[in-house]
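Written out below as structure tokens is the structure these notes cover.
Below, read A as the first sequence line, B as the second, and so on, with proteins coming before strands; counting in each chain starts at 1.
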Protein chains: 2
Amino acid sequence: MAKTNKTRYALLGVLTLRPCSGYDIKKFCDNHLNYIWSENYSHIYPVLRQMELEGLVTKITEHTEGRPVKNVYSISEKGKAELNDWLLLPIEPYSFRSELLLKIFFSGDIPLTNIIEKLEAKLDSDKQMLEYHEKIEQMLNTELRDRKETYLWRAVLSYGRHNARATITWCEETIQYLKELAEQEKL
Amino acid sequence: MAKTNKTRYALLGVLTLRPCSGYDIKKFCDNHLNYIWSENYSHIYPVLRQMELEGLVTKITEHTEGRPVKNVYSISEKGKAELNDWLLLPIEPYSFRSELLLKIFFSGDIPLTNIIEKLEAKLDSDKQMLEYHEKIEQMLNTELRDRKETYLWRAVLSYGRHNARATITWCEETIQYLKELAEQEKL
DNA sequence: GTATCCATGTAACCAGTTACATGATTGC
DNA sequence: GCAATCATGTAACTGGTTACATGGATAC
């Protein structure tokens with residue numbers, strides 16, 4: 001069997017929070033799950049249709065004047081059951097792949113300045129990630145504070161923070177280290 | 001164009017270190033790149049053959065008595081050039097996905113004990129990862145110490161260490177936090 | 001008048017996974 | 001006698017990406 005399709009569970013998960021269109025789901029992933037999960041339209045729409053056929057979700061088509069037609073999906077009892085079964089299963093082994101680390105590993109003949117540039121880009125993006133976490137944190141303390149899942153979302157957020165900080169520290173250390181090496185080479 | 005095939009660069013990279021068979025490459029990935037990159041045979045072999053056709057690698061078939069035939073590949077000048085071009089390019093944006101975090105995010109109706117189990121499994125695997133890092137560290141200080149790329153490998157290893165430690169801390173904190181919650185619920 | 005947002009999809013492609021197939025040698 | 005290692009591959013599948021296609025409404 002091929003790797004189980006996790007997209008369906010991600011979509012079902014979002015639908016437990018509230019009924020959504022494909023467009024809403026995409027927005028939710030981009031705005032709230034960005035640092036955990038990502039999806040794109042061309043995967044969301046077919047999976048939603050497939051799940052409708054399987055009876056995991058139900059569709060209602062909304063017509064509003066002056067707006068495009070909107071297909072709003074809700075999770076069914078069957079869908080909830082399937083999601084629950086999956087949530088209980090242990091985590092499948094995951095093969096980590098990092099283009100950045102792979103490149104550095106084989107960069108013996110690449111100018112140090114080029115490697116440093118890559119590290120600085122990574123540093124930037126992880127700093128931005130931390131700011132993004134701040135925003136989510138604030139949301140957890142305001143509009144989302146009364147949802148029963150808040151404590152879990154806080155835990156998930158905390159993972160992102162720990163790892164972003166670790167990466168930032170590593171970037172800074174490594175940039176420093178490579179810069180010192182570059183200095184020595186010049187002498 | 002679909003996401004560029006990074007497997008070829010990983011294979012080319014390994015071949016810059018020494019000529020290898022597909023089997024050797026797989027072993028190298030498992031033993032040395034485990035925390036950066038992974039490959040499996042059914043991808044390695046076709047990609048090697050493809051790269052041979054493109055003139056990026058050359059093949060020599062070794063016949064040794066009492067052993068299976070071994071196809072040893074070496075990187076060509078053209079292959080080195082292609083690898084180099086890729087190494088110089090900036091890192092492509094990467095969409096992070098974590099099954100563990102996704103599950104936790106949607107585990108509002110799942111028993112806390114189940115979530116804690118998953119965290120303990122993650123904690124274990126990251127502790128093992130740290131031990132594995134120790135081994136590589138020792139290799140860097142002994143048999144690999146005279147290779148010119150050692151300083152880069154050290155940097156890569158350091159990433160793994162920083163992130164494993166961050167994850168371990170997060171797991172411990174979160175387990176603690178959930179256990180306290182579970183206690184409160186019992187009261 | 002231009003960019004962004006809302007909204008839904010199809011077509012084509014391909015990277016990577018799982019399962020299958022084979023067989024000799026070495027170490028416990 | 002059994003498991004692990006050495007060694008190479010094919011077949012089938014599918015998840016996910018990119019590119020393409022459309023078009024009205026709203027904000028600047």
Side-chain angles (χ1 to χ4, degrees), chain A residues 1-12 19-31 33 37-54 57 59-73 86 92-99 102, chain B residues 1-12 19-31 33 37-54 57 59-73 86 92-99 102:
Chain A
M1 191 180 46
K3 222 169 179 172
T4 53
N5 182 350
K6 280 155 201 161
T7 291
R8 52 193 304 131
Y9 302 113
L11 303 193
L12 287 173
C20 282
S21 66
Y23 190 84
D24 295 334
I25 291 177
K26 167 71 171 156
K27 257 196 1 196
F28 186 84
C29 289
D30 288 349
N31 294 335
L33 298 180
W37 206 258
S38 67
E39 290 292 348
N40 43 270
Y41 292 127
S42 39
H43 209 202
I44 291 174
Y45 289 117
V47 170
L48 279 175
R49 187 161 23 105
Q50 178 58 31
M51 291 202 297
E52 196 197 351
L53 290 176
E54 291 175 36
V57 297
K59 181 172 79 177
I60 293 171
T61 304
E62 272 181 14
H63 300 268
T64 315
E65 218 171 321
R67 307 217 134 225
V69 168
K70 192 171 175 174
N71 297 318
V72 178
Y73 292 86
W86 178 72
E92 284 179 27
Y94 168 72
S95 54
F96 178 72
R97 283 183 157 198
S98 161
E99 188 192 338
L102 186 70
Chain B
M1 190 181 45
K3 218 169 179 174
T4 53
N5 180 351
K6 280 157 201 159
T7 291
R8 51 193 304 133
Y9 303 113
L11 303 193
L12 287 173
C20 281
S21 66
Y23 189 84
D24 295 334
I25 291 177
K26 168 72 170 153
K27 257 195 5 194
F28 187 84
C29 289
D30 289 349
N31 294 335
L33 299 180
W37 207 258
S38 68
E39 291 293 348
N40 43 270
Y41 292 127
S42 38
H43 209 201
I44 291 174
Y45 288 118
V47 170
L48 278 175
R49 189 163 18 107
Q50 179 57 32
M51 291 202 296
E52 197 198 348
L53 290 176
E54 291 176 35
V57 297
K59 181 173 79 176
I60 293 173
T61 305
E62 272 181 15
H63 300 268
T64 315
E65 218 170 323
R67 307 219 132 224
V69 168
K70 193 170 176 174
N71 297 319
V72 178
Y73 292 86
W86 178 73
E92 284 179 27
Y94 168 71
S95 55
F96 179 72
R97 283 180 157 200
S98 161
E99 188 191 339
L102 186 70

Atom-to-atom span, CZ of Phe28(A) to P of dA7(C) - whole angstrom: 17 Å
Candidate nucleotides dT18(D), dT8(D), dC6(C), ranked by approach to the side chain of Ser21(B) - the nearest: dT8(D)
Closest non-hydrogen atom pair, Ile44(A) against Ile25(A): CD1-CG2, 4.2 Å
Side-chain touch Thr7(A)/Arg97(B), heavy atoms, less than 4.5 angstrom: yes
Whole-Å gap separating P (dA7(C)) and NZ (Lys27(A)): 7 Å
Pair Glu39(B) + Lys6(B): basic N to acidic O under 4.0 Å: no
Phosphate-side-chain proximity, Ser42(B) and dG16(C), N/O vs OP1/OP2 below 4.0 Å: no
Distance test, side-chain N/O of Tyr41(A) to OP1/OP2 of dG9(C), below 4.0 Å: no
Sugar-phosphate, base or nothing in reach of Lys26(A), heavy atoms under 4.0 Å: nothing
Distance in angstrom units between Tyr23(B) OH and dG9(D) C1', rounded: 14 Å
Atom pair CG (Asn5(B)) and CD (Gln50(B)), whose distance is rounded to the nearest 0.5 Å: 9.5 Å
Listed nucleotide nearest any side-chain atom of Asn40(A), set dA7(D), dG9(D), dT18(D): dT18(D)
Below 4.0 Å: OP1/OP2 of dG16(C) and any side-chain N or O of Ser95(A): no
Whole-Å distance separating the NE2 atom of His63(A) from the P atom of dG24(D): 17 Å
Residue Arg97(A), side-chain atoms from C-beta onward, closest of dA11(D), dG16(C), dG16(D): dG16(C)
Arg67(A) CZ to dG24(D) P, straight-line distance once rounded to whole Å: 15 Å
Among Asp24(B), Thr64(B), Thr61(B), the one residue meeting side-chain contact (heavy atoms from CB on, under 4.5 Å) with Lys70(B): Asp24(B)
Nearest-Å distance for atom pair CD1/C1', residues Ile44(B) and dT18(C): 15 Å
Toward the 5' end of DNA chain C, by each residue's nearest nucleotide, Pro68(A) or Ser38(B): Pro68(A)
Nearest-nucleotide comparison on DNA chain C, the residue closer to the 5′ end among Lys70(A) and Arg49(A): Lys70(A)
Length of the line joining Ile25(B):CD1 and dG9(D):C1', which is rounded to integer Å: 14 Å
His43(B) NE2 - dT18(C) C1' separation (whole Å): 14 Å
Toward the 5' end of DNA chain D, by each residue's nearest nucleotide, Trp37(A) or Gly22(B): Gly22(B)
